[in-house]
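Okay, so here's the structure we're looking at.
Reminder, nothing fancy here: chain letters follow the sequence lines and each chain counts from 1.
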Number of protein chains: 2
Amino acid sequence: MYIVTMQNSELYQIVWMSRPLMQAAEAAVEQGLADTDLTVRMRAVLEVLHAEGDMTVPDIAARLDIKRQYVQVMVNETLTSGLTRQCPNPRHKRSPLLALTDTGRALIAQVIEREMALLQTIGADLPSDDISTALRVVRMLTERLREESAGT
Amino acid sequence: MYIVTMQNSELYQIVWMSRPLMQAAEAAVEQGLADTDLTVRMRAVLEVLHAEGDMTVPDIAARLDIKRQYVQVMVNETLTSGLTRQCPNPRHKRSPLLALTDTGRALIAQVIEREMALLQTIGADLPSDDISTALRVVRMLTERLREESAGT
DNA sequence: GCCATATTGACAAGTATAATGTCAACATGA
DNA sequence: TCATGTTGACATTATACTTGTCAATATGGC
């Protein structure tokens, strides 16, 4: 009983760390973008395209779990900045595929590389097993909390 | 080098899970409050008082890392609902100590108990060592990301 | 005890990040 | 072909805060 309670409260603490972690991460990302012309939301678009290849606006919205109308705004900013461009979409004539331009690809690659380097510094003394475990716990927690809100 | 990259990318994934985790947690909390008259922000005030005892508004603000002007609004709602009350503050004549009323204490205790029960269900098959490890990693990550944004 | 300075509560306004509503122009698919 | 769905665009609304300001008063150094 005692142990269950302890374990339970640790799970509770992980959940309540999610906001501080997110805020710290966003602050760090923002700082990393300071010397570029990117905003955090433009960065999000570029990252998705970088990780998953060309996509339509509704696809990016689904991936980011943000309504397509707002993603459209985000995407339009990247188009205006010349970081993405529209390509004809064989599967959908009205919904062009968004693709990174060379500039966009170089920029997001550099940004991500810097972020990775920062994380490497930060995590240098963390055992890699611990990191794997933490990721697994966080994923499972998220998934099950989602099920709880949705399914039930 | 390969392993470092893998480890690094797992850290990256933990960071990028923080938002989904937070959203899932908030949705679950909101659902847990559905049959009470509490809002998420009122719940936050009650939880702090429940965990740390009587405090002033500026103290709660510091604890939640939210500006005192907004916390004042949150607190005023709990006062109006009769879940908290003001007590004379020996250390500060103008800034009363906020205290839970009996109603407030019973309510937040019940809410937290239910949340704990949910987490116990969710985490039932997670080894308690893994949970401890995850908490430790998440804490360290948050702390160091904060240092990075602030100190540097 | 006095007084410069800080703190508090209250209120107003502004901002960022979205969600929601609506519409016309098409595209799709039965 | 045509009913239905999807997309981009634009407008409005919502939420969760931050920022600015002010008067009242409290505090702390002298």
Side-chain angles (χ1 to χ4, degrees), chain A residues 16 18-20 22-27 29-31 33-34 38-48 54-80 84-99 149-150, chain B residues 16 18-20 22-27 29-31 33-34 38-45 47-48 54-80 84-99 149:
Chain A
W16 289 106
S18 63
R19 168 186 274 261
M22 199 198 72
Q23 287 175 337
E26 279 190 357
V29 165
E30 210 166 345
Q31 193 162 308
L33 297 179
L38 281 179
T39 60
V40 175
R41 64 198 199 191
M42 287 165 72
R43 181 202 164 285
V45 170
L46 301 190
E47 192 190 22
V48 171
D54 304 350
M55 305 176 75
T56 65
V57 167
D59 287 342
I60 298 172
R63 164 64 202 262
L64 292 175
D65 197 23
I66 293 176
K67 299 292 168 190
R68 67 182 177 79
Q69 288 92 332
Y70 187 55
V71 171
Q72 187 79 48
V73 170
M74 297 161 68
V75 163
N76 288 350
E77 290 172 355
T78 67
L79 284 167
T80 300
T84 58
R85 69 193 151 81
Q86 298 180 320
C87 304
N89 181 359
R91 304 193 48 186
H92 230 279
K93 282 187 189 168
R94 261 184 74 90
S95 200
L97 285 174
L98 270 290
S149 300
Chain B
W16 288 107
S18 64
R19 169 186 274 262
M22 200 198 73
Q23 288 176 337
E26 280 193 354
V29 166
E30 211 166 341
Q31 193 162 310
L33 297 180
L38 281 179
T39 60
V40 174
R41 66 198 197 192
M42 287 165 71
R43 181 202 164 285
V45 170
E47 192 189 22
V48 170
D54 304 351
M55 306 176 74
T56 65
V57 167
D59 287 342
I60 298 173
R63 164 64 201 263
L64 292 175
D65 197 23
I66 294 176
K67 298 294 169 190
R68 69 183 177 81
Q69 288 93 330
Y70 187 55
V71 171
Q72 187 77 49
V73 172
M74 299 162 66
V75 163
N76 288 350
E77 290 171 355
T78 67
L79 284 168
T80 300
T84 58
R85 71 193 151 83
Q86 298 179 322
C87 304
N89 182 357
R91 304 194 49 185
H92 230 279
K93 280 189 191 169
R94 260 184 74 90
S95 201
L97 285 174
L98 268 293
S149 301

M55(B) has an atom CE; how far is it from atom C1' of dT8(C), in whole Å? 16 Å
Rounded to whole Å, the CG-P distance (N89(A) to dT6(D)) equals 15 Å
Quick one: bend of the helix from dG1(C)-dC30(D) to dA30(C)-dT1(D) from 5 pairs per end, to 10°? 40°
NA contact type, K67(A), heavy-atom cut-off 4.0 Å: base, sugar-phosphate, or nothing? base
Give a yes/no answer on whether the side chain of R19(B) brings an N or O atom under 4.0 Å of OP1 or OP2 in dT17(C). no
Where along residues 70-77 of chain A does a heavy atom fall under 4.0 Å from DNA chain D? Q72(A), N76(A)
How close or far is atom P of dA16(D) from atom CZ of R43(B), stated in whole angstroms? 14 Å
Does R94(B) make a side-chain donor-acceptor contact with the base of dG9(C), cut-off 3.5 Å? no
Would one find a side-chain N or O of R91(B) under 4.0 angstrom from OP1 or OP2 of dT8(C)? no
On a heavy-atom basis, which atom in T78(A) and which in V75(A) lie closest, and how many Å separate them? OG1-O, 2.6 Å
Between dT8(C) (C1') and Q69(B) (CD): distance, integer Å: 10 Å
Below 4.0 Å: OP1/OP2 of dT7(C) and any side-chain N or O of H92(B): no
Any side-chain heavy-atom pair of L64(B) and M74(B) under 4.5 Å: yes
Heavy-atom closest pair (A24(A) atom, S149(B) atom, distance to 0.1 Å) is O-OG, 4.1 Å
Report yes if the side chains of L98(A) and D54(A) come closer than 4.5 Å at any heavy-atom pair, otherwise no. no
Between Q86(B) and P96(B) the two heavy atoms that sit nearest each other are NE2-CG, 3.7 Å
Going by heavy atoms in the side chains, are Q72(B) and R68(B) under 4.5 Å from each other? no
When you compare the side chain of L79(B) with that of N76(B), does any pair of heavy atoms fall below 4.5 Å? yes
Using the closest heavy atom to pick a nucleotide of DNA chain D for each, name whichever of T56(A) or I66(B) lands nearer the 5' end. T56(A)
Between P of dT8(C) and CG of L98(B), the distance in whole Å: 13 Å
Given atom CG of D65(B) and atom P of dA16(D), what is their separation to the nearest angstrom? 17 Å
5'-most contact on DNA chain D (nearest-nucleotide basis), R41(B) vs S95(B), goes to R41(B)
Nearest-Å distance for atom pair CE/C1', residues M22(A) and dT17(C): 11 Å
Determine the minimum heavy-atom distance between P90(B) and L97(B), stating which atoms define it. CD-CD1, 4.3 Å
To the nearest angstrom, how far is E30(B) atom CD from dA19(C) atom C1'? 14 Å
Would you please test H92(A) and T56(A) for side chain to side chain contact (heavy atoms under 4.5 Å, CB included) and show each step? CA-CA 9 Å; H92(A) 230 279; T56(A) 65; 5.5 Å; no
Do M55(B) and V48(B) make a side-chain contact, defined as non-hydrogen atoms from C-beta onward lying under 4.5 Å apart? yes
So if I take every side-chain heavy atom of V57(A) and compare against dG21(C), dA10(C), dG8(D), which nucleotide ends up nearest? dG8(D)
